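The model shown is predicted, which means the values in this text are computed figures rather than measured ones. By convention here, the first residue in the shown sequence is residue 1. Note that ligands are numbered from 1 as they come in the structure, with each ligand's atoms numbered from 1 the same way. What's counted below: heavy atoms across the whole structure, side chains too, no hydrogens, waters or symmetry copies.
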Amino acid sequence: MDEVRASSAWVVARASHVFVDSEGNSLSLSCSLAFWMLIFWIEKVVDNIKDSIPKVEWDFEKIHYFDGGPLTVQYLLVLDAINFCFWPDKDLSYDDFALGLKYALQKDKSALDADRLQKFTGPQLRELLKWPRPLPLEDERIRLLHEVGRELENSFGGKASNLVESCGNSAVKLVTLIARHFPGFRDHSVYKGHQVFFYKRAQIFAADLWGAFKGQGFGKFKDIASITIFADYIVPAVLRHLGVLRYGSSVASIIDADNEIGSGSEEEVELRACSIYAVEKMRELIKIKTGNKVLSVELDLWLWSFGIQCHSLQHHRTLSVYY
Ligand SMILES: Nc1nc2c(c(CN[C@H]3C=C[C@H](O)[C@@H]3O)cn2[C@@H]2O[C@H](COP(=O)(O)O)[C@@H](O)[C@H]2O)c(=O)[nH]1
């Protein structure tokens with residue numbers, strides 16, 4: 001995850017569309033007014049709730065499958081393999097996928113077996129999710145399900161739990177292994193000739209395990225603090241709302257008009273990289289000012305849960321298989 005942090009900081013230092021500080025002074029290590037105001041606000045919250053930021057429960061929505069065993073691991077890997085780009089259908093959200101896969105498993109424990117994953121078709125996935133029309137990027141979702149099924153079968157005896165067990169309780173190793181085995185999880189971009197890493201779905205899988213299993217068993221990671229936030233389309237909008245991120249006029253007008261931002265464009269990479277950088281800074285400042293060690297995973301869930309409940313927030317729209 002060092003690569004995610006370092007390459008995000010590299011982008012922030014060269015950004016011209018999205019800024020982490022209120023003056024748009026690119027990478028200013030002395031934090032801006034907006035940033036300190038945010039920290040002040042966080043500190044106020046922290047004071048109010050006995051030295052910790054609001055803890056948002058994993059699965060606060062009560063939508064995920066959980067049985068305490070290996071099938072939950074399979075469920076989360078499959079869910080995170082297709083955890084991207086819901087916005088093109090205004091009625092569709094992440095919840096539909098989490099619930100649809102959960103009901104499928106409750107009905108048939110073998111619904112997400114590796115051999116079944118490899119045979120999925122678009123109409124079957126729709127049927128499983130009880131979704132009445134084609135899904136956004138449906139062909140890509142099917143291709144990625146096939147890829148997960150095939151590689152699980154070839155390298156992990158068909159079981160996502162074997163993959164997790166081979167990581168020696170290291171989230172970093174898990175993300176590395178996932179990126180190595182499943183090309184669909186290799187979430188990166190090239191920005192001004194420089195490779196930038198995000199690994200959003202691979203990291204969220206580690207975080208989901210940690211959250212679902214409450215840091216025990218399949219969710220026990222000695223290095224969960226290494227994970228960054230998951231650069232999606234909700235968290236940047238929340239950071240903008242809080243005043244942590246400021247958008248230049250061209251990005252602001254594209255987003256405010258609900259127009260698309262191209263995948264891999266400078267604007268898109270800056271939105272994601274600045275979000276990661278900003279939250280890492282928040283973590284550092286919380287630690288310096290309060291002594292509290294907050295995980296990016298915790299900050300992410302807090303920001304994300306705020307974002308999905310705040311329907312007026314406008315987020316950026318990029319057709320992507322990564323988030
Ligand atoms: N940063 C971040 N992004 C997240 C999640 C999650 C779900 N995490 C689950 C784990 C525990 C919780 O209880 C959650 O249920 C989804 N997303 C992203 O949001 C977008 C979907 O938005 P909408 O179209 O409104 O459904 C899409 O890019 C999706 O990839 C998260 O946690 N963090």
Could you walk me through whether Glu151 and Ser155 pass the side-chain hydrogen bond (donor to acceptor under 3.5 Å, both in side chains) check?
-> CA-CA 6 Å; Glu151 192 53 22; Ser155 301; 2.6 Å; yes
His316 and Tyr323: aromatic ring centres closer than 6.0 Å?
-> yes
Heavy-atom contacts with Ser93 under 4.0 Å: which atoms of ligand 1 show up? List them by number with element.
-> 26 (O)
Quick one: do Glu284 and Lys281 make a salt bridge, cutoff under 4.0 Å?
-> yes
Report the part of Asp208 (side chain from C-beta onward, or backbone N, CA, C, O) that has a heavy atom under 4.0 Å from ligand 1; answer both or neither where that applies.
-> side chain
Using a strict 4.0 Å cut-off to heavy atoms of Tyr323, name the atoms of ligand 1 that fall inside it.
-> 28 (O)
Shortest heavy-atom approach to atom 18 (C) of ligand 1 - which of Ile204, Asp80, Asp232 | Asp232
Could a heavy atom of His64 be found less than 4.0 Å from some atom of ligand 1?
-> yes
the protein heavy atom lying closest to atom 32 (O) of ligand 1 turns out to be Asp300 OD1, 3.7 Å
In sequence, state the C-alpha distance, the side-chain angles, and the governing distance for Ser296 and Glu280, and then conclude on side-chain hydrogen bond (donor to acceptor under 3.5 Å, both in side chains).
-> CA-CA 7 Å; Ser296 296; Glu280 289 305 311; 2.7 Å; yes
Nearest to atom 29 (C) of ligand 1, what protein heavy atom do you find, and at what distance?
-> Asn83 OD1, 3.1 Å
Salt-bridge contact Asp187-Arg201 (side-chain N to carboxylate O under 4.0 Å) | no
When you check the gap from the basic side-chain N to the acidic O, do Asp67 and Lys109 get nearer than 4.0 Å?
-> no
What do we get for Ile229 next to ligand 1 when only non-hydrogen atoms under 4.0 Å count, side chain, backbone, both or neither?
-> neither
Shortest protein contact, atom 26 (O) of ligand 1 (heavy atom only) | Tyr94 N, 2.9 Å
Within less than 4.0 angstrom of ligand 1, does Arg201 place any heavy atom?
-> no
Using a 4.0 Å heavy-atom threshold (strictly under), name the region of Phe230 that reaches ligand 1: side chain, backbone, both or neither.
-> both
Considering only heavy atoms, which of Phe97, Phe60, Trp304 lies nearest to atom 16 (C) of ligand 1?
-> Trp304
Below 4.0 angstrom from a heavy atom of Ile308, which ligand 1 atoms are there? Numbered from 1 as shown, please.
-> 25 (O)
Nearest-neighbour protein heavy atom for atom 13 (O) of ligand 1, which is reported as residue plus atom name and distance = Glu61 OE1, 2.6 Å
Check whether the ring centres of Phe230 and Tyr199 lie less than 6.0 Å apart, and answer yes or no.
-> no
At what distance, to the nearest 0.5 angstrom, does CG of Asp89 lie from CZ of Arg133?
-> 4.0 Å
Do you know which of Leu92, Asp96, Asp91 makes side-chain contact (heavy atoms from CB on, under 4.5 Å) with Phe86?
-> Leu92
With a 4.0 Å heavy-atom cut-off (strictly under), which part of Phe86 contacts ligand 1: side chain, backbone, both or neither?
-> side chain
If you compare Tyr233, Trp87, Trp58 by their heavy atoms, the one closest to atom 23 (P) of ligand 1 turns out to be Tyr233
Got an N/O contact under 3.5 Å between Glu57 and ligand 1?
-> no
With atoms numbered from 1 as shown, which atoms in ligand 1 lie under 4.0 angstrom from a non-hydrogen atom of Val235?
-> 1 (N)
Cationic N near anionic O, under 4.0 Å, Arg14 to Glu270 = no
Side chain, backbone, both or neither: which part of Asp95 comes within less than 4.0 Å of ligand 1 when only heavy atoms are counted?
-> neither
Near-ring test Tyr94/His64, centroid separation under 6.0 angstrom | yes
Could you give me the CA-CA distance, side-chain angles and deciding distance for Trp302 and Lys55, then say whether side chain to side chain contact (heavy atoms under 4.5 Å, CB included) is met?
-> CA-CA 7 Å; Trp302 173 41; Lys55 283 250 189 295; over 6 Å; no
Charged N to carboxylate O under 4.0 angstrom, Asp59 versus Lys102?
-> no
Taking non-hydrogen atoms only, is Ile234 closer than 4.0 angstrom to ligand 1 via side chain, backbone, both or neither?
-> side chain
List every atom of ligand 1 that sits less than 4.0 Å from any heavy atom of Lys200, numbering the atoms from 1 in the order shown and giving each element.
-> 18 (C), 29 (C), 30 (O)
